[in-house]
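Written out below as structure tokens is the structure these notes cover.
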Amino acid sequence: MRSFTFTINISYNLFLQHYAGAASNVVVLTDTGLKLQLPAIRLRGFLTHAGITGKFRVIVNTDNKFETIERL
């Protein structure tokens, strides 16, 4: 298993576009400079009235398939 950390700051209104189907993925830049594409649905549990903000860790399996995400 591998993990990647990143900081994200998406406004509530911008993330609502994902609910409307305008975009199904979110691309983030990890702390090591790697671009990581995540399904937007994986971030829904972290949505507040302020949007989605903070530092996160995503864990992928040996096939680079999503396993879990957590707020740090």
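The shown structure was predicted, so the numbers you read here are calculated from the model rather than taken from an experiment.
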Qualifying side-chain hydrogen bond (donor to acceptor under 3.5 Å, both in side chains) pairs with a residue from residues 62-71, counting only residues at least two apart or across chains = Arg57-Glu70, Asn61-Glu67
Is there side-chain contact between Ile8 and Thr53, with at least one heavy-atom pair below 4.5 Å?
-> no
Have a look at Arg2 and tell me which of Val58, Val60, Ile59 forms a side chain to side chain contact (heavy atoms under 4.5 Å, CB included) with it.
-> Val60
List for me each residue that meets ring pair (Phe, Tyr, Trp, His ring centres under 6.0 Å) alongside Phe46, sequence neighbours excluded, and say none if there are none.
-> Phe56
Is there a side-chain contact between Asn25 and Val27 (heavy atoms, below 4.5 Å)?
-> no
Show me the donor-acceptor pairs within less than 3.5 Å that the side chains of residues 31-40 make with the rest of the protein, sequence neighbours left out.
{"residue": "Asp31", "atom": "OD2", "partner": "Thr5", "partner atom": "OG1", "Å": "2.7"}
{"residue": "Asp31", "atom": "OD2", "partner": "Lys55", "partner atom": "NZ", "Å": "2.6"}
{"residue": "Thr32", "atom": "OG1", "partner": "Thr30", "partner atom": "OG1", "Å": "3.1"}

List for me each residue that meets side chain to side chain contact (heavy atoms under 4.5 Å, CB included) alongside Ser11, sequence neighbours excluded, and say none if there are none.
-> Asn13, Leu14
Please name the pair of heavy atoms, one in Tyr12 and one in His49, separated by the smallest distance, quoted to 0.1 Å.
-> CB-O, 3.5 Å
Linked hydrophobic residues, Ile41 as query - side chain contacts closer than 4.5 Å = none
Measure across Ile52 and Leu43 and return the closest heavy-atom pair with its distance rounded to 0.1 Å.
-> CD1-O, 3.5 Å
